[in-house]
Amino acid sequence: MKLGILINEGPYTHQASDTAYLFAKAAIEKGHKIHRVFFYNDGVYNSSRLTEPPQDDRHIVNRWQKLAKDHHIDLVVCVAAALRRGIKDENLQEGFRISGLGQLVETGIQSDRLVTFGD
Amino acid sequence: MKLGILINEGPYTHQASDTAYLFAKAAIEKGHKIHRVFFYNDGVYNSSRLTEPPQDDRHIVNRWQKLAKDHHIDLVVCVAAALRRGIKDENLQEGFRISGLGQLVETGIQSDRLVTFGD
Amino acid sequence: MLHTVNKSPTERNTLESCLKHLKKGSAVLLIEDGVYGALRGTSSTKMVEQALKNHPIYALYPDIEARGMQDRVIEGIKLVDYSGFVDLAVEYPSIQAWL
Amino acid sequence: MLHTVNKSPTERNTLESCLKHLKKGSAVLLIEDGVYGALRGTSSTKMVEQALKNHPIYALYPDIEARGMQDRVIEGIKLVDYSGFVDLAVEYPSIQAWL
Amino acid sequence: MTEATGGIEMEEDTGGKVKKFLYINRKAPYGTIYALESLEVVLISAAFDQDVSLAFLDDGVYQVVKGQHTKPIDVKNFSPTYRALEGYDIEKLYVEKESMEARGLKEEDFIVPVKVINTAEMADLMQSQDVIMSF
Amino acid sequence: MTEATGGIEMEEDTGGKVKKFLYINRKAPYGTIYALESLEVVLISAAFDQDVSLAFLDDGVYQVVKGQHTKPIDVKNFSPTYRALEGYDIEKLYVEKESMEARGLKEEDFIVPVKVINTAEMADLMQSQDVIMSF
C-alpha cells in the first residue's frame with residue numbers, strides 16, 4: 001500500500017517525529033511504500049542540518065535522511081511554515097526539499113492512507 | 001524592580017513569545033529593568049536569524065533584538081536546548097548569545113521576579 | 001502569590017488544577033487561551049465563579065479582544081492590559097505559571 | 001475508520017471527545033501519552049471500559065513500556081507494536097489523528 | 001521554490017481523482033498557530049478540485065467566532081479569511097452543536113455561515129471521508 | 001561556550017543569596033521533552049547552593065514511576081537520574097496524593113523516595129517559594 005505521512009511537530013520536543021519514524025520503518029519492512037513525508041507546522045524543524053543532539057541520543061534529522069535515501073522517500077518541508085521558523089536552503093539537511101503546501105494536498109490525493117503525527 | 005523572563009516556546013507556533021514581548025515592553029515603560037530573557041525548550045527558536053515571516057506579520061526575532069539593544073537586555077539562549085534544535089552561532093541572530101543553563105538559575109537568584117511564558 | 005493560566009479550561013485541566021491550589025491572598029491571571037476561562041455561560045463558568053468568591057481573578061483584556069470575547073466576561077473578573085500584568089507581577093511576591 | 005489518540009486523558013479532553021465520535025466499526029489506537037488512557041484504576045478507566053464494550057481499543061505497547069505501565073493495562077485492550085500500528089492503518093479505510 | 005503559501009505545483013499528476021477531504025479544527029485560535037496553518041492548507045486545497053469540508057469542534061469552534069480584534073496582541077486577525085472560502089467553492093463548514101453550547105455560543109455568533117450539527121452527525125461526517133487532516 | 005548541560009558560570013556573582021526554588025512538574029514524560037529539560041535545569045541548579053524542591057502533580061507524577069523501559073521507542077530513559085539527585089543534595093521531592101491516586105498509583109510505585117502530600121500541603125509548598133520554575 002502507498003502511505004503518506006504528515007509530521008506537525010519538531011524533533012525532541014514532541015514524540016511525533018519519533019513515532020512517525022518507527023511507523024515508517026515498520027511499514028517499509030512489511031513491504032509498503034512510503035510515498036512522501038510532509039513536514040508542516042513545527043515539523044519543519046526536523047530538517048535542520050545544524051541539529052546536534054547529545055551523543056548518546058538518537059539523531060532524528062539524520063535518521064530521516066538515511067531512511068529516505070535507502071527507500072526513496074520524498075521528504076518535503078513546507079516553505080511557508082519553514083520561512084517563519086528560520087528553515088531555508090541555507091540550513092536544510094541534504095535529502096530534504098522545500099516546497100509548497102500543494103504537495104501535502106497532493107499526498108492526500110495520491111496516497112492510499114495519510115497518517116498524521118502531531119501534538 | 002528587576003525582572004527576569006523565561007520563554008519556553010518557539011515564535012509564531014505559540015503565543016508565549018508574543019506575550020513575553022508585550023509584557024517586557026510594558027515593564028520597561030513603567031520603569032522596571034529587564035535583567036535577562038532566557039530562551040529554553042523550543043524558546044531557543046526565537047533566536048534564529050534565518051526567520052522570515054510573511055511581510056504583513058510581526059518579526060518576532062528582530063523585535064526582541066531591537067528591544068534588547070534599546071534597553072540593554074541580555075538575551076540568552078540555552079546551549080543544550082539549542083544544539084538539539086539546530087540553533088548555533090551559525091544561524092544565531094545578532095544580539096542573542098548562547099550560554100549554559102546556569103544563566104537561568106542565576107536569573108532566578110538575581111531577579112526580583114522570574115516570569116515564565118510557555119505552553 | 002500570583003498564578004497565571006494560559007490554557008483553555010475546555011481543553012485542559014490546567015485551570016481546574018490551579019484553582020484547587022489557591023491559598024488565601026493568592027490571585028489568578030488568565031492570559032492567552034486561558035482567557036476562555038473568564039467567560040459566562042460555558043461549562044467551566046461555575047467553577048470559576050466559585051473561585052471568584054475567595055480570590056481575585058484577572059484576565060488579560062488584549063487576549064479577550066483578540067478572541068472576540070469582549071461581551072462575555074464573568075462579572076467580577078478584573079480586566080487588565082500588559083501594564084496591569086506587570087503591576088500584578090510586582091505586587092505579588094512570587095509568580096507561578098501553570099504550564 | 002481508525003482513530004488515533006496521543007494525549008493523556010487526565011490532561012486533555014482529547015480521548016473523551018474521540019470516544020463520543022465513534023461509529024459502529026470504528027477502532028481506537030492509543031499512542032504516545034495517549035496510552036495513559038489504557039490503564040486500570042485511573043479516573044478515566046470507567047469511560048474507556050464503557051467504550052470497549054462497543055469498539056476495539058488498541059494501545060501501542062512500546063509506549064506503554066516506555067512509561068512503565070506494563071502491568072496496568074485494562075483487560076480487553078489489545079496491545080500492538082509499530083508493525084501492528086501499520087496493519088491497523090491498512091485495515092481501516094481511513095484514519096483520523098485526534099490532535 | 002515559491003514564497004509563502006504558494007508553491008502549488010498543479011503540474012503534478014493527481015490522476016483526476018476526487019477525494020473527500022475533511023479538515024478537523026479542535027484548537028482555539030491565537031494561543032497556538034494551528035488554526036491559521038490549517039486554514040492555509042484549506043486555501044491551497046481549493047486549487048485541487050477536491051471535495052472539501054471543514055469541521056469545528058471542541059475549542060475549534062472559537063476559530064470562527066466574530067468580533068475578533070487582534071491589534072492589541074499584535075497578531076494578524078485571520079478570521080475574515082473564513083468568509084473568503086466561499087469564493088474558492090469551499091462552502092461546507094460544520095460546527096458541532098454540543099461544543100458550541102458548552103462554550104455559550106449561538107449560531108449567530110459565527111463570522112461565516114456554518115451548518116450546526118450534533119455529535120452523532122459529526123461522527124457520520126468523519127466516517128464518510130477519504131482523507132482527514134488535523135493539525 | 002560549553003557543550004550540553006554544562007556552561008555553569010560559577011564565577012558570576014549571585015551575592016551569596018539563598019532562595020527557595022520550586023520546580024513544578026505537571027507533564028508526563030516522553031510524549032514531550034518538558035520533563036527531561038526540567039530535570040536538566042534541576043541538575044544545574046545544584047551547583048548554586050540554593051534551597052531546591054521538586055513538585056510532581058497532575059500527569060507529572062508519571063515522571064517518577066519505576067519500570068520505565070524506553071528502548072522500544074528509541075528514546076533515552078532519564079528516570080534513573082531522579083535517583084542521582086540525592087548525590088547533589090536535592091532531596092525534597094514531593095508528589096501530590098490526589099494526583100497519584102487519580103492515576104491508580106501508590107507510594108511504592110516511585111523510582112525514588114518521595115514525600116506524598118495532599119493538595120492543601122502542595123498549595124502551602126507553592127506559597128512558600130521565592131522562585132517557581134515550570135516548563
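Everything numeric in this text was worked out from a predicted model, so none of it was measured. Note on naming: letters A, B, ... go to the chains in the order of the sequence lines (proteins, then strands), and numbering restarts at 1 for each one.
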Hey, is F:D59 close enough to D:K7 for a salt bridge, meaning N to O under 4.0 Å? no

Interchain contact, D:Y61 with chain F, by part (heavy-atom threshold 4.5 Å): neither

Heavy-atom count check: over 12 atoms from other residues, nucleotides or ligands less than 6.0 Å from F:K19 NZ? yes

Find the distance between OH (F:Y62) and CG (D:L39) and round it off to the nearest 0.5 Å. 5.0 Å

Hey, is the main chain of F:G67 close enough, under 3.5 Å, to the side chain of D:Q70 for a donor-acceptor pair? yes

Using a cut-off of 6.0 Å, state whether more than 12 heavy atoms not belonging to D:E91 lie near its atom CD. yes

Taking all heavy atoms of F:Y30 and all of D:A66, pick out the closest pair and write down the distance. CE1-O, 3.5 Å

Heavy-atom closest pair, residues D:Y82 and F:P72: CE1-O, 3.6 Å

D:D33 to F:P29 - nearest heavy-atom pair and separation: OD1-O, 3.3 Å

Is it the backbone or the side chain of F:Q63 that comes under 4.5 Å from a heavy atom of chain D, or both, or neither? neither

Would the number of heavy atoms belonging to other residues, nucleotides or ligands and lying under 6.0 Å from NZ of F:K92 be above 12? yes

Please assess D:T42 against F:E101 for the test side-chain contact (heavy atoms from CB on, under 4.5 Å), listing each intermediate value before the final yes or no. CA-CA 8 Å; D:T42 79; F:E101 289 175 353; over 6 Å; no

Chain D contact via F:K71 - which portion, at a heavy-atom distance below 4.5 Å: neither

Exercise: identify the closest heavy-atom pair between F:Q68 and D:R67: CG-C, 3.9 Å

Largest heavy-atom contact set with chain F, pairs under 4.5 Å, which of D:E32, D:M69, D:E65: D:E65

Interatomic distance, OG@D:S43 vs CZ@F:R103, rounded to 0.5 Å, equals 6.0 Å

Stepwise side-chain contact (heavy atoms from CB on, under 4.5 Å) test for D:D63 and F:I73: CA-CA 7 Å; D:D63 278 323; F:I73 61 168; 3.4 Å; yes

